[in-house]
Trainee: 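Let me begin by handing over the structure; questions about it come next.
Remember, it's 1-based here, ligands and their atoms both numbered in the order they're listed. If you're wondering where the values come from, they're calculated on a predicted model, not measured in any experiment.
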Amino acid sequence: MTPAPEKQRPLALVTGASSGIGEAFSRALAARGYDLALVARRLDRLEALAEQLRTQHGCEAFAIQADLSIVEAHVPVMEAVEARGRTIDMLVNNAGYSIPKTFAATTWAEQRDFTMTLVVAVAGLTHAVLAGMIARRRGSIINVSSMAALSPGAAGHTLYPAAKSFVLKFSLSLDAEVRKKGVRVTCLVPGFVESEFAIANGTKELMDEAGRKYRMTAESVVEATLKANDKGRTVVIPGLINQFAAGLMKYLPDSLVAAIIRGAAEKYRVED
Ligand SMILES: NC(=O)c1ccc[n+]([C@@H]2O[C@H](COP(=O)([O-])OP(=O)(O)OC[C@H]3O[C@@H](n4cnc5c(N)ncnc54)[C@H](OP(=O)(O)O)[C@@H]3O)[C@@H](O)[C@H]2O)c1
């Protein structure tokens with residue numbers, strides 16, 4: 001008798017898988033029985049992680065080198081997945097960074113690339129996977145926002161709260177559209193998380209000092225997010241301190257919150 005074909009694992013595509021929260025998502029999803037498509041610019045890191053995941057979990061894991069700041073960045077990413085005959089069961093829009101200077105002190109190219117990566121690529125990839133998920137009546141989309149989305153803006157990191165607000169509102173609208181079609185949307189709203197985020201934007205010393213009390217591990221925020229997605233929750237704010245701060249920002253007068261944020265933001269801004 002011919003043995004029954006092995007059931008294929010579902011596939012998760014994680015952007016920004018080369019470090020921090022994206023790497024933690026990739027490891028947690030491989031442990032949960034997913035195959036992994038790992039997306040970022042640093043191919044050596046992706047390939048090393050893919051190799052580890054294959055060895056540790058017996059899953060299929062492959063690297064897709066992509067710069068998400070380019071126009072139509074989602075197209076070559078989707079082509080790489082399709083070339084392997086795969087469809088995406090879970091999309092984790094995680095890649096991101098911030099620019100710790102004032103808007104005027106940066107070039108337009110820096111701000112444009114930022115917006116392409118944190119806003120346009122998120123919408124583009126989601127659009128590319130959504131029709132398939134709806135047709136199969138199954139799928140998960142996890143978008144990584146930030147506590148910055150909940151607070152008033154402040155000098156420096158100028159577009160960051162705007163981009164992360166987009167991610168949050170986009171997730172809420174998307175959830176309203178697709179919830180009854182079998183697709184679960186969850187937006188992660190993290191506070192300080194241990195990762196290379198501050199190294200990448202040159203504020204490590206400032207963040208180390210200021211964020212020590214509030215920092216969470218990437219593994220813990222990922223665990224909270226995957227549990228939230230399992231339960232069909234749309235927004236997850238990991239950590240009691242962050243939940244408390246989110247509550248304060250909702251109910252305190254805007255002027256008071258803005259003054260607090262102005263003071264705190266100075267610590268994370270690089271001088272122009
Ligand atoms: N850490 C925190 O405190 C914190 C708090 C709130 C929200 N977040 C959000 O969490 C997400 C993950 O950040 P993290 O903390 O894990 O930081 P991280 O360790 O610096 O990771 C950022 C990831 O994004 C990728 N990336 C950046 N620009 C890219 C581009 N143009 N194309 C493709 N990939 C790109 C990086 O890969 P390559 O450099 O290899 O391309 C890297 O894998 C971000 O969206 C961030 O805004 C972080």
Trainee: Compute the minimum heavy-atom distance from Thr117 to ligand 1 and say whether it is under 4.0 Å.
Mentor: yes
Trainee: Answer yes or no: does an N/O atom from Leu68 fall short of 3.5 Å to an N/O atom of ligand 1?
Mentor: yes
Trainee: Just to be sure I read this right, does ligand 1 sit under 4.0 Å from the backbone of Ala66, its side chain, both, or neither, counting only heavy atoms?
Mentor: backbone
Trainee: Hey, is ligand 1 close enough to Ile21 that some N/O pair sits below 3.5 Å?
Mentor: yes
Trainee: Below 4.0 Å from ligand 1: does a non-hydrogen atom of Ser145 turn up there or not?
Mentor: yes
Trainee: Determine whether Thr158 and Thr106 make a side-chain contact, defined as any pair of heavy atoms from C-beta on separated by less than 4.5 Å.
Mentor: no
Trainee: Who's closest to atom 26 (N) of ligand 1 heavy-atom-wise, of Ser195, Ala95, Ser146?
Mentor: Ala95
Trainee: If you measure from each heavy atom of Ala24 to ligand 1, is any distance below 4.0 Å?
Mentor: no
Trainee: Go through ligand 1 atom by atom and flag the ones less than 4.0 Å from a non-hydrogen atom of Pro190.
Mentor: 6 (C), 7 (C)
Trainee: Taking only heavy atoms of Val144, which atoms of ligand 1 are found under 4.0 Å from at least one of them?
Mentor: 9 (C), 10 (O), 11 (C)
Trainee: On a heavy-atom basis, I'd like to know which of Gly191, Gly22, Ser18 is closest to atom 42 (C) of ligand 1.
Mentor: Ser18
Trainee: Residues two or more places apart in sequence or in another chain: which of them pass side-chain contact (heavy atoms from CB on, under 4.5 Å) with Arg184?
Mentor: Ser140, Asn229
Trainee: So, does Met147 sit close enough to ligand 1 that a heavy atom of it is under 4.0 Å from the ligand?
Mentor: no
